[in-house]
Amino acid sequence: MITEPLMDIKDIIKGRALYNEPMKKHTSFRIGGPAKIWVEPDGIDDLQSLLAAANDNGLAVLITGAGTNLLVSDDGIKGMIISMTSPGLKSIYHDDFKVSVSSTVQISEFLRFLIDHGLGGLEFLAGLPGTVGGAVAMNAGARHYAKKDMQMSVGMLVEKVKTCDFDGNKKIFSKSEIVFNYRSSSLQRLVITEIEFCLRKDDKKKIAWEYGNYLRKRMISQELSLPSAGCVFKNPDNADISAGELIDRCGLKGRRVGGALISQKHANFIVNAGGAMCSDVLALIDIAQNEVKKKFGVGLELEIKVV
Ligand code: EPU
């Protein structure tokens with residue numbers, strides 16, 4: 001239950017606090033009903049105050065980055081959304097090939113820094129929307145642009161992660177303490193505040209060239225002109241065939257429910273073609289899962305988070 005003191009949140013933090021805030025403004029899908037409380041902490045003190053307020057008031061907490069992998073219910077969210085996106089928290093610094101970055105930094109901004117400083121290894125993130133913290137929590141990745149069987153993922157280059165648990169305690173995890181799996185990590189029920197990567201010193205032109213290859217591949221094969229949450233399903237385990245190809249082979253490209261559409265360009269993308277509701281996307285998810293199961297006997301697992 002939300003009690004009165006919570007209504008004073010604006011007074012206890014430096015960052016932004018918004019009430020009944022439409023989540024469609026904070027997700028790349030441009031979908032989602034109102035969050036009871038949406039906050040953007042402007043420092044660790046803010047974050048700790050917010051977590052304490054949520055605990056005191058029995059409010060569920062959801063941590064988000066830029067909301068690029070998120071499908072929010074049309075009914076909205078009753079708890080507190082802590083958005084790790086504040087510009088006040090952004091910092092990037094490097095000591096030789098070790099680079100520390102705050103979780104709130106946009107991936108595109110981080111990659112620009114890496115190219116400018118001749119630091120290679122994360123070029124495969126080119127064109128990916130979202131924050132560095134979100135990418136680490138989800139262990140974002142891509143196939144190598146030339147070697148189709150080679151999977152690249154952020155976790156491979158993580159050295160240390162600074163976090164805060166939901167009770168406000170800070171903890172630093174070294175790489176041996178973190179489990180990274182395909183599109184998931186053991187850092188899910190924590191607030192990631194800073195990440196240290198171990199990269200390689202390289203020629204700036206070479207890094208920019210690699211970056212360009214990944215970006216071109218993404219632009220050619222993926223639907224980037226309409227709002228989406230990227231790939232909706234994980235690629236099936238031990239299958240030679242991708243989720244996109246399975247859905248494509250079921251003839252589902254272009255299938256529409258309300259304002260949502262299975263992309264004509266890449267069948268693992270559902271796009272918001274205008275005014276899509278969460279229920280429209282869920283209906284398409286259902287259709288894709290049922291058709292693929294019927295035709296290939298494969299169960300497609302969601303990659304995006306549905307809340
Ligand atoms: N394909 C089809 N039809 C389609 C889509 C794909 O036949 O509609 C075929 C392609 O021709 C290709 C194969 O499926 O032979 C794989 O497609 P693609 O190279 O596009 O890779 P993917 O497995 O669909 C993965 C990641 C993407 C990442 C790309 C980078 C997953 C679920 N997806 O896609 O990540 O950008 O590799 O190459 O692992 C994301 O995580 O949101 C995401 C988009």
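Counting starts at 1 for both ligands and their atoms, in listed order. Small disclaimer: the values here were computed from a predicted structure and weren't measured.
The cationic group of Lys171 lies under 6.0 Å from the six-membered ring centre of Phe173 and within 45° of the ring axis, placing it in a cation-pi geometry.
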Kindly determine whether Lys25 and Glu21 satisfy salt bridge (charged side-chain N to carboxylate O under 4.0 Å, His left out), including the steps that lead there.
-> CA-CA 8 Å; Lys25 287 186 174 172; Glu21 174 67 1; 3.7 Å; yes
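Of the candidates Ser228, Cys231, Pro236, Cys231 brings a heavy atom nearest to atom 27 (C) of ligand 1. Here the shortest heavy-atom distance to atom 16 (C) of ligand 1, taken over Gly244, Ser242, Ala140, belongs to Ser242. For atom 1 (N) of ligand 1, the candidate residues are Glu245, Glu301, Glu303, Arg218; the nearest heavy-atom contact is made by Glu245.
For Gln151, the heavy-atom gap to ligand 1 stays at 4.0 angstrom or more. Not a single heavy atom of Tyr145 sits closer than 4.0 Å to an atom of ligand 1. Using a 4.0 angstrom heavy-atom cutoff, Arg249 does not count as in contact with ligand 1. Assignment of Tyr182 to the shell around ligand 1 is supported, since a heavy atom sits closer than 4.0 Å. The closest approach between a heavy atom of His144 and any atom of ligand 1 is not below 4.0 Å.
The distance criterion of under 3.5 Å between nitrogen or oxygen atoms is not met by Asn268 with respect to ligand 1. Where the criterion is an N or O separation shorter than 3.5 Å, residue side chain and backbone included, Lys234 fails it with respect to ligand 1. Residue Lys265 has no nitrogen or oxygen atom sitting less than 3.5 Å from a nitrogen or oxygen atom of ligand 1, judged on distance alone.
Interface of Ala267 with ligand 1, defined as ligand atoms under 4.0 Å from a residue heavy atom, comprises 4 (C), 8 (O). Within ligand 1, counting atoms from 1 as listed, the ones closer than 4.0 Å to a heavy atom of Phe233 are 32 (C). The distance from ligand 1 to the heavy atoms of Gly230 drops below 4.0 Å at these ligand atoms: 42 (O). Each of the following atoms of ligand 1 lies closer than 4.0 Å to a heavy atom of Lys253: 8 (O).
Arg183 and Glu303 are joined by a salt bridge, as a carboxylate oxygen and a charged side-chain nitrogen come within less than 4.0 angstrom of each other. Ion pair Lys265/Glu223 not flagged as a salt bridge, since none of the NZ, NE, NH1 or NH2 atoms sits closer than 4.0 Å to an Asp/Glu carboxylate oxygen. Taking 4.0 Å as the cut-off between side-chain N and carboxylate O, Glu123 and Arg200 count as a salt-bridged pair. Lys295 and Glu291 are not joined by a salt bridge, as no carboxylate oxygen comes within less than 4.0 angstrom of a charged side-chain nitrogen.
Side chain of Ser186 to main chain of Val179: a donor-acceptor pair is present (N/O by atom type, distance under 3.5 Å, no hydrogens or angles).
Residues Ile207 and Leu114 form no side-chain contact, since every pair of their non-hydrogen atoms from C-beta on lies 4.5 Å or further apart. Between Leu122 and Tyr211 there is no side-chain heavy-atom pair separated by less than 4.5 Å.
Between Phe113 and His94, the two ring planes are perpendicular [angle over 60°; tilted spans 30° to 60°].
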